[in-house]
Student: 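First the structure, then my questions, so here it is.
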Amino acid sequence: MPGVAPRGGGRRRRSMNEINMVPFIDVMLVLLIIFMVSAPMITTGVVDLPSVGKAKARPQGVVEIIVQSDDKLQLKVDKGEAQTTTLNALADQVLGAQAGSDNVPVIISADKQVRYESVVKVMDTLQRRGVQHVGLSVRQGG
């Protein structure tokens, strides 16, 4: 077949050495606009500690554990002087302050700046040692 001319009029197809960037830029701009529009609509999870309208009156004999923002603990028995303590010694001191009576409530006080993890550690330590009637202190009034 010497007399047959190759297809395409004798020109060989040239390989494409360049990448067309226009579709890539278009996709990136669309994604940028989607993120810019949707970002203000995303809400962050903010937890506001509870307050109650009418809480029960605080009992006379209570054991209060104060969790400070730097994870230090203080123990206050019956509105006495607060004593600094550690998490390891806390359960023994609370059980000693209850003096064998499970009716003495234990209240954990912490403000909004205290990490939630610190309060849970205190509650878990008390629960593992068998301390009963553990509650959280809340603000009174709306």
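For the numbers below, each heavy atom of this structure counts, side chains included, while hydrogens, waters and symmetry mates do not.
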Student: Quick check for you: to the nearest 0.5 Å, what is the distance between T84 atom OG1 and K72 atom NZ?
Tutor: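 So the OG1 of T84 and the NZ of K72 are separated by 7.5 Å.
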Student: Determine whether V63 and I107 make a side-chain contact, defined as any pair of heavy atoms from C-beta on separated by less than 4.5 Å.
Tutor: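 Not in contact.
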Student: Nearest 0.5 Å please: distance from the OG1 atom of T85 over to the CG atom of L73.
Tutor: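 The CG atom of L73 is 6.5 Å from OG1 of T85, to the nearest 0.5 Å.
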Student: What do the steps show when you test V119 against L136 for side-chain contact (heavy atoms from CB on, under 4.5 Å), and what is the final call?
Tutor: CA-CA 9 Å; V119 176; L136 297 175; 4.0 Å; yes
Student: Would a 4.5 Å heavy-atom cut-off, applied to side chains only, mark E81 and V77 as touching?
Tutor: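 Side chain of E81 against side chain of V77, heavy atoms only: no contact under 4.5 Å found.
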Student: Would you call V67 and K121 a side-chain contact if the rule is heavy atoms closer than 4.5 Å?
Tutor: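 They are not in contact (no side-chain heavy atoms under 4.5 Å apart), so the answer is no.
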Student: Tell me, with the steps shown, if L32 and M28 meet side-chain contact (heavy atoms from CB on, under 4.5 Å).
Tutor: CA-CA 6 Å; L32 178 66; M28 287 296 126; over 6 Å; no
Student: Does any part of the side chain of L126, heavy atoms only, come nearer than 4.5 Å to the side chain of I65, both counted from C-beta?
Tutor: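 Touching, per the 4.5 Å side-chain cut-off.
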Student: Is there a path from L29 to M21 through hydrophobic residues (I, L, V, M, F, W, Y) whose side chains come within less than 4.5 Å of each other?
Tutor: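 Linked within one cluster.
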Student: Charged N to carboxylate O below 4.0 Å: is that the case for R115 and D71?
Tutor: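 Looking at R115 and D71, the cut-off is met.
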Student: If you define the side chain from C-beta out and look only at heavy atoms, does anything of M123 sit under 4.5 Å from I108?
Tutor: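 Yes, side chains in contact.
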Student: Do K76 and I66 have side chains that approach each other closer than 4.5 Å (heavy atoms only, starting at C-beta)?
Tutor: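 SC-SC contact between K76 and I66 confirmed.
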Student: Is there side-chain contact between V62 and V106, with heavy atoms separated by less than 4.5 Å?
Tutor: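 V62 vs V106: side chains apart.
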Student: Are L95 and R129 close enough that some pair of their side-chain heavy atoms sits under 4.5 Å apart?
Tutor: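 A side-chain contact under 4.5 Å exists here.
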Student: Mind checking what makes side chain to side chain contact (heavy atoms under 4.5 Å, CB included) contact with V30, not counting sequence neighbours?
Tutor: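 V30 satisfies side chain to side chain contact (heavy atoms under 4.5 Å, CB included) with I34 once adjacent residues are dropped.
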Student: Let me confirm one number: the OG-CG distance from S118 to D70, rounded to the nearest 0.5 Å.
Tutor: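 Here the rounded value is 9.5 Å.
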